[in-house]
Amino acid sequence: MSGEQSFHEPVLLRSAKSGITEIRTLSQALRLLREDWPETRGKWYSAADKACAEAADGRASVHIARRIFVYAVQESRLSA
């Protein structure tokens, strides 16, 4: 999995630990989804994990993966 594909525009997150964070690449999004996501995971969480992994493997669009990731961020109230 390459995962180093960049989003056309960063996704801004708000967190109690680190303040505002910019997610600029698929690998950053996947790391957040798999290692630092809040306990509460809604319906968009699984869709974002799948879409980002598929885009990192070249099987899906980076733009679509970003959009789904944004929905997951909003659903989990992480948006800045």
Side-chain angles (χ1 to χ4, degrees):
M1 178 180 346
S2 73
E4 290 307 317
Q5 298 173 18
S6 296
F7 292 146
H8 68 281
E9 182 180 342
V11 178
L12 300 178
L13 306 177
R14 173 184 37 82
S15 100
K17 284 194 289 188
S18 56
I20 303 294
T21 302
E22 288 187 351
I23 303 298
R24 296 180 168 274
T25 66
L26 284 169
S27 61
Q28 289 175 325
L30 281 167
R31 189 174 321 114
L32 176 70
L33 287 162
R34 295 177 177 176
E35 297 173 15
D36 292 323
W37 202 258
E39 292 282 326
T40 305
R41 295 178 177 176
K43 66 179 182 178
W44 287 107
Y45 170 82
S46 297
D49 184 68
K50 181 179 181 204
C52 288
E54 288 179 357
D57 286 341
R59 295 181 288 132
S61 162
V62 174
H63 299 296
I64 301 274
R66 181 192 178 278
R67 184 175 302 153
I68 294 171
F69 178 71
V70 167
Y71 293 153
V73 166
Q74 292 169 342
E75 177 181 60
S76 293
R77 295 185 170 89
L78 294 172
S79 49

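- Rounding to the nearest 0.5 Å places CZ of R66 at 12.0 Å from OG of S6.
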Checklist line | Full working for side chain to side chain contact (heavy atoms under 4.5 Å, CB included) between F69 and L33 | finding: CA-CA 9 Å; F69 178 71; L33 287 162; 4.0 Å; yes
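- In this structure, the side chains of T21 and L12 stay at 4.5 Å or more apart for every pair of heavy atoms.
- Under the ring-ring contact (aromatic ring centres under 6.0 Å, His included) criterion, the residue pairs touching residues 5-36 are H8-H63, with sequence neighbours excluded.
- To the nearest 0.5 Å, the span separating CZ on R31 from SG on C52 amounts to 12.5 Å.
- Linking ILVMFWY side-chain heavy atoms closer than 4.5 Å, directly or via other members, places I68 and L30 in two distinct hydrophobic clusters.
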Check residues 72-80 and write down every donor-acceptor pair under 3.5 Å in which the side-chain atom is one partner and the other belongs to a residue at least two apart or another chain.
residue, atom, partner, partner atom, Å
E75, OE1, K43, N, 3.4
E75, OE1, W44, N, 3.0
E75, OE2, K43, N, 3.2
S76, OG, W37, NE1, 3.3
S76, OG, A72, O, 3.3

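- R14 meets the side chain to side chain donor-acceptor pair (under 3.5 Å) test with no other residue; sequence neighbours excluded.
- Ion pairing between a basic and an acidic side chain is recognised when a charged N comes within 4.0 Å of a carboxylate O; R34 and D49 show such pairing.
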Check: Can you list the steps and then say if L32 with L13 is a side chain to side chain contact (heavy atoms under 4.5 Å, CB included)?
Finding: CA-CA 10 Å; L32 176 70; L13 306 177; 3.2 Å; yes
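- R59 is linked by a side chain to side chain donor-acceptor pair (under 3.5 Å) to D57, counting only residues two or more places apart in sequence or in another chain.
- In terms of heavy atoms, Q5 sits closest to V62 at OE1-CG2, 2.5 Å.
- In this view, E9 satisfies the salt bridge (Lys or Arg N to Asp or Glu O under 4.0 Å) rule with no residue, not counting sequence neighbours.
- Nearest heavy atom pair, residue A65 against residue A55, reads CB-CB, 3.8 Å.
- Under the 4.5 Å side-chain heavy-atom criterion for ILVMFWY residues, a single connected hydrophobic cluster contains both V70 and Y45.
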